[in-house]
Amino acid sequence: MNVFFSLLLYSVPCAILAFLGSCTPARLAQKSRVEQIIPPLDTTALAEKAKEKPNALSEEVLLIKSSDNNELIDKICAIVDSEPPILLSDVNKKALELQLNPSEALQELLRDRALSIYARRLKFSTMDTHKAAEEHILKIMKENKLNRDQFDKILRGAPYFTTLQQYSYETAFLILKNQIEASIASSIQITDKDAKRALEQNKSQNKKVEVVFVSVLPGKQDNIKTKEVTATSQFSKANDIRKEFLSKKSLKSLKVKYEQDKDVRFSGAIEYEEGVLRTQYEAQLKSDPSTLITKPFVDGGAVVMIVRIEKLLSTDMSETALEKVRNDLYKKAVRQRLEAVTKEILVSVPVKVNCTW
């Protein structure tokens, strides 16, 4: 499979995920009508049985068996109202895609089914979503010179582990989800005042961390016979400098005071967020988080202290920054509304869960 095919295969999900990242109220006001979802795999008969008795599933309904050798090939893990069953294979696939454990993956799928119910309540229709999903699939097959059987065979293998029917369902559902999010977002108003307030609230997090290394080097100790004595002398001087800093003396005044002392060296300021310094010295900075200067420690032949400097950066109030914050606020509001909607639906409709971990 060539690179183009891989990119095209995921172009719909990627485009949908990118949609809200560049949303505006005008774009979000666009709606489609979606009413039903293509059922996953070949579970129509089972779905009909579940529809009749959604809370009293028999073992016959719970197990999907092959017709030739009665071998268990899949299992229904959950049914939400009259929605298509959630299969064990669906759970495993979702867990792999999102790097979740099976229980978390099942919860994601339960929320997806709740969204389908919510779409029906909004009187959406499937014609547009089915058409868009089918057009996407036909485009992939045409560009890669594949028929449906060949495409299905590719989808069943690594890294996709799905079927053409399941891929069609998932594509249609992603389009549906996008439309639901757009419908919700179109009812949300985020003003410039809201965006500016959010920027101001995030001001405390908008900071730059730098460090200054204060090193006390070994001096000329011709009469000293042991390294321990030298180290004691270095520690003594380092502790004196540390006490001065903690007594509210500025780093600038300390640099001036020790400017002529060849045994004391100030290095920096150096950006701490990048490079090996973070890994090498993080333990020292964490050892006493209540202070901005570490206790002296040996590093090679020197006794070193680290002074942490936190600088608040000026708040960017440009139109680009405001637009970014505005989009973040839209996405947050939509996510909260969706969480509330799916939670309400899952407690108001019949839900049968048969898989536990």
Chemist: Is there a side-chain hydrogen bond (donor to acceptor under 3.5 Å, both in side chains) between S250 and S253 once you walk through the steps?
Modeler: CA-CA 5 Å; S250 69; S253 65; 3.2 Å; yes
Chemist: Let's go through K257 and I241 carefully: what are the C-alpha distance in whole Å and the side-chain angles of both, what is the deciding distance for side chain to side chain contact (heavy atoms under 4.5 Å, CB included) to 0.1 Å, and is it a yes or a no?
Modeler: CA-CA 10 Å; K257 178 178 179 178; I241 296 173; over 6 Å; no
Chemist: Test V212 against R308 for side chain to side chain contact (heavy atoms under 4.5 Å, CB included), laying out the working first.
Modeler: CA-CA 7 Å; V212 172; R308 186 170 70 251; over 6 Å; no
Chemist: Going by heavy atoms in the side chains, are N101 and W357 under 4.5 Å from each other?
Modeler: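 N101 vs W357: side chains apart.
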Chemist: Please confirm whether the backbone N or O of R148 pairs with a side-chain atom of D152, one donor and one acceptor, at under 3.5 Å?
Modeler: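 Not confirmed, D152 side chain does not pair with R148 backbone.
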Chemist: Flag yes if L100 and L110 sit in one hydrophobic cluster, no otherwise; membership is Ile, Leu, Val, Met, Phe, Trp, Tyr, and two members link when side-chain heavy atoms are under 4.5 Å apart.
Modeler: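 No, separate clusters.
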Chemist: State, yes or no, whether a side-chain contact exists between I309 and L251 at a heavy-atom distance under 4.5 Å.
Modeler: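 Heavy-atom side-chain distance check passes, below 4.5 Å.
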Chemist: Check whether any side-chain heavy atom of I345 lies under 4.5 Å from a side-chain heavy atom of V341, and answer yes or no.
Modeler: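 I345 vs V341: side chains touch.
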Chemist: Are K324 and D328 packed together at the side-chain level, in the sense that at least one heavy-atom pair is separated by less than 4.5 angstrom?
Modeler: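 Yes - at least one pair of side-chain heavy atoms lies under 4.5 Å apart.
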Chemist: What's the separation between atom CG in D90 and atom OG1 in T162, rounded to the nearest 0.5 Å?
Modeler: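 Interatomic distance, D90 CG to T162 OG1, rounded to 0.5 Å: 8.0 Å.
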Chemist: Show the nearest heavy-atom pair for residues A95 and A105, with the distance to one decimal.
Modeler: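 Smallest interatomic distance, heavy atoms only, reads N-CB, 3.6 Å.
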Chemist: Shared ILVMFWY cluster between L98 and F173, side chains joined below 4.5 angstrom?
Modeler: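 Hydrophobic grouping puts L98 apart from F173.
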Chemist: Same cluster or not: L217 versus L254, using hydrophobic residues (I, L, V, M, F, W, Y) connected whenever any side-chain heavy atoms lie under 4.5 Å apart?
Modeler: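 Result: no, two separate clusters.
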Chemist: Decide yes or no on side chain to side chain contact (heavy atoms under 4.5 Å, CB included) for N144 and I140, but give the supporting numbers first.
Modeler: CA-CA 6 Å; N144 292 275; I140 294 174; 3.9 Å; yes
Chemist: Roughly how far apart are F151 CZ and L138 CG, rounded to 0.5 Å?
Modeler: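 Here the rounded value is 10.0 Å.
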Chemist: Under 3.5 Å, is there a donor-acceptor pair between the side chain of S348 and the main chain of E344?
Modeler: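 Looks like yes, one N/O pair under 3.5 Å.
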Chemist: Tell me if a side-chain donor or acceptor on Q150 pairs with a main-chain N or O of N147 at a distance below 3.5 Å.
Modeler: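 Pair found, side chain donor or acceptor close to backbone of N147.
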Chemist: Can you tell me how far the CZ atom of F297 sits from the CE atom of M305, to the nearest 0.5 Å?
Modeler: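 These two atoms lie 9.5 Å from each other.
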Chemist: Checking the side chain of S236 only, and the main-chain atoms of T232 only, is there a donor and an acceptor separated by less than 3.5 Å?
Modeler: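 Answer holds: no.
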Chemist: What do you reckon, is NZ of K255 surrounded by more than 12 foreign heavy atoms closer than 6.0 Å?
Modeler: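 Enclosed.
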Chemist: Answer yes or no: is there an ion pair linking R111 with E108, defined by an N-O contact shorter than 4.0 Å?
Modeler: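 Yes, this pair counts.
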Chemist: Can a salt bridge be assigned to the pair E97 and K93 using a cut-off of 4.0 Å between side-chain N and carboxylate O?
Modeler: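 Here E97 pairs with K93 in a salt bridge, since their nearest N and O are under 4.0 Å apart.
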Chemist: Considering non-hydrogen atoms only, spot the tightest contact between P84 and R113 and give its length.
Modeler: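 Taking every non-hydrogen atom into account, O-NE, 2.9 Å.
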Chemist: Tell me whether the count of non-hydrogen atoms from other residues, nucleotides or ligands lying under 6.0 Å of NZ in K196 goes above 12.
Modeler: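 No, because the 6.0 Å sphere around NZ of K196 holds 12 heavy atoms or fewer from other groups.
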Chemist: Which pair of heavy atoms, one from Y160 and one from L155, lies closest together, and at what distance?
Modeler: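 Nearest pair, atom of Y160 first, then L155: CB-O, 3.3 Å.
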Chemist: Between K131 and E134, is a side chain to side chain contact (heavy atoms under 4.5 Å, CB included) present by the stated rule, with each step listed?
Modeler: CA-CA 5 Å; K131 184 178 178 181; E134 187 62 23; 5.9 Å; no
Chemist: Checking salt bridge (Lys or Arg N to Asp or Glu O under 4.0 Å) for the pair R197/D194: CA distance, chi angles, key distance, verdict?
Modeler: CA-CA 5 Å; R197 186 185 301 114; D194 295 327; 3.2 Å; yes
Chemist: Is it true that a side-chain atom of R242 and a backbone atom of T294 form a donor plus acceptor pair closer than 3.5 Å?
Modeler: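 Answer holds: yes.
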Chemist: Is the side chain of D112 donor-acceptor paired with the backbone N or O of L109 at a distance under 3.5 Å, no angle test?
Modeler: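 No.
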Chemist: Around atom CD of E104, are there more than 12 heavy atoms from other residues, nucleotides or ligands closer than 6.0 Å?
Modeler: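 Atom CD in E104 is packed in, count exceeds 12.
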Chemist: Looking at side-chain heavy atoms only, is the closest gap between T342 and Y118 below 4.5 Å?
Modeler: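 Result no, sub-4.5 Å side-chain heavy-atom pair not found.
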Chemist: Taking the side chain from N239 and the backbone from F235, do they hold a donor-acceptor pair closer than 3.5 Å?
Modeler: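 Yes, because the side chain of N239 sits within donor-acceptor range (under 3.5 Å) of the backbone of F235.
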Chemist: State, yes or no, whether a side-chain contact exists between V80 and K352 at a heavy-atom distance under 4.5 Å.
Modeler: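 Sidechains of K352 and V80: no contact.
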Chemist: Does any part of the side chain of I180, heavy atoms only, come nearer than 4.5 Å to the side chain of L176, both counted from C-beta?
Modeler: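 With C-beta onward as the side chain, the pair touches.
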Chemist: Could you state whether Y167 and I154 fall into the same hydrophobic cluster, counting links through intermediate Ile, Leu, Val, Met, Phe, Trp or Tyr residues with side-chain heavy atoms under 4.5 angstrom apart?
Modeler: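 Result: yes, single cluster for both.
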Chemist: Rounded to the nearest 0.5 Å, what's the gap from OH on Y330 to CD1 on I188? Could you check?
Modeler: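 Reported value, rounded in 0.5 Å steps: 7.5 Å.
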Chemist: Shortest non-hydrogen contact from S187 to I184?
Modeler: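 In terms of heavy atoms, the two residues are closest at OG-O, 2.6 Å.
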Chemist: So which of I76, N354, L106, D74 actually passes side chain to side chain contact (heavy atoms under 4.5 Å, CB included) with L88?
Modeler: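 When I76, N354, L106, D74 are each tested with L88, the side chain to side chain contact (heavy atoms under 4.5 Å, CB included) holds only for D74.
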Chemist: Say you draw a straight line from OG of S168 to CD1 of I137; how long is it, rounded to the nearest 0.5 Å?
Modeler: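 Output value for this atom pair is 4.0 Å.
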Chemist: In the structure I gave you, are the side-chain heavy atoms of Q234 and D263 within less than 4.5 Å of one another anywhere?
Modeler: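 SC-SC contact between Q234 and D263 ruled out.
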Chemist: Could you grab the distance from atom NE2 of H130 to atom CD1 of I175, nearest 0.5 Å is fine?
Modeler: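 That separation rounds to 9.5 Å.
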Chemist: Looking at R326 and T191, would you say the former's side chain and the latter's main chain have a donor-acceptor pair under 3.5 Å?
Modeler: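 Such a contact is absent between R326 side chain and T191 backbone.
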Chemist: Is it true that L338 and F124 fall in one hydrophobic cluster, defined by side-chain heavy atoms closer than 4.5 Å?
Modeler: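 Result: yes, single cluster for both.
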Chemist: Examine the side chains of Y258 and E244 and answer whether a donor and an acceptor come within less than 3.5 Å of each other.
Modeler: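 The criterion, which ignores hydrogens and geometry beyond distance, is satisfied for E244 and Y258.
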Chemist: Look only at the side chain of D81 and the backbone of E83, and say whether a donor-acceptor pair between them is shorter than 3.5 Å.
Modeler: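 Answer holds: no.
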